[in-house]
Amino acid sequence: MIEAQEKDNFWLYIVLAVVVFAGVIFMVKSSEHDKYAASSRAIAEDSSNSAYRNDVLHKEGATK
């Protein structure tokens, strides 16, 4: 008697997992990009809106 061998789907599962993982990473990265759009516009209008400004308080090593 000849027994039918079951096809091994290991590599199919690996490829599917990689594609799903890449899709999740892409979606997260896309949603994070829009989070900072308002901040970028505000900083472009007036640089004093940035936390990395060079004002009198931060000159010469002064701290709060």
Which residues pass the side-chain contact (heavy atoms from CB on, under 4.5 Å) test with N9, not counting sequence neighbours? K7, L12, Y13
List in chain and number order the residues that pass side-chain contact (heavy atoms from CB on, under 4.5 Å) with F26, two or more places apart in sequence or in another chain; answer none if no residue qualifies.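 Scan of F26 (side-chain contact (heavy atoms from CB on, under 4.5 Å), adjacent residues dropped) gives S30.
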How is the hydrophobic cluster of I25 composed, in terms of its other members, when Ile, Leu, Val, Met, Phe, Trp and Tyr link through side-chain heavy atoms under 4.5 Å apart, directly or indirectly?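 Under the 4.5 Å side-chain rule, I25 groups with F21.
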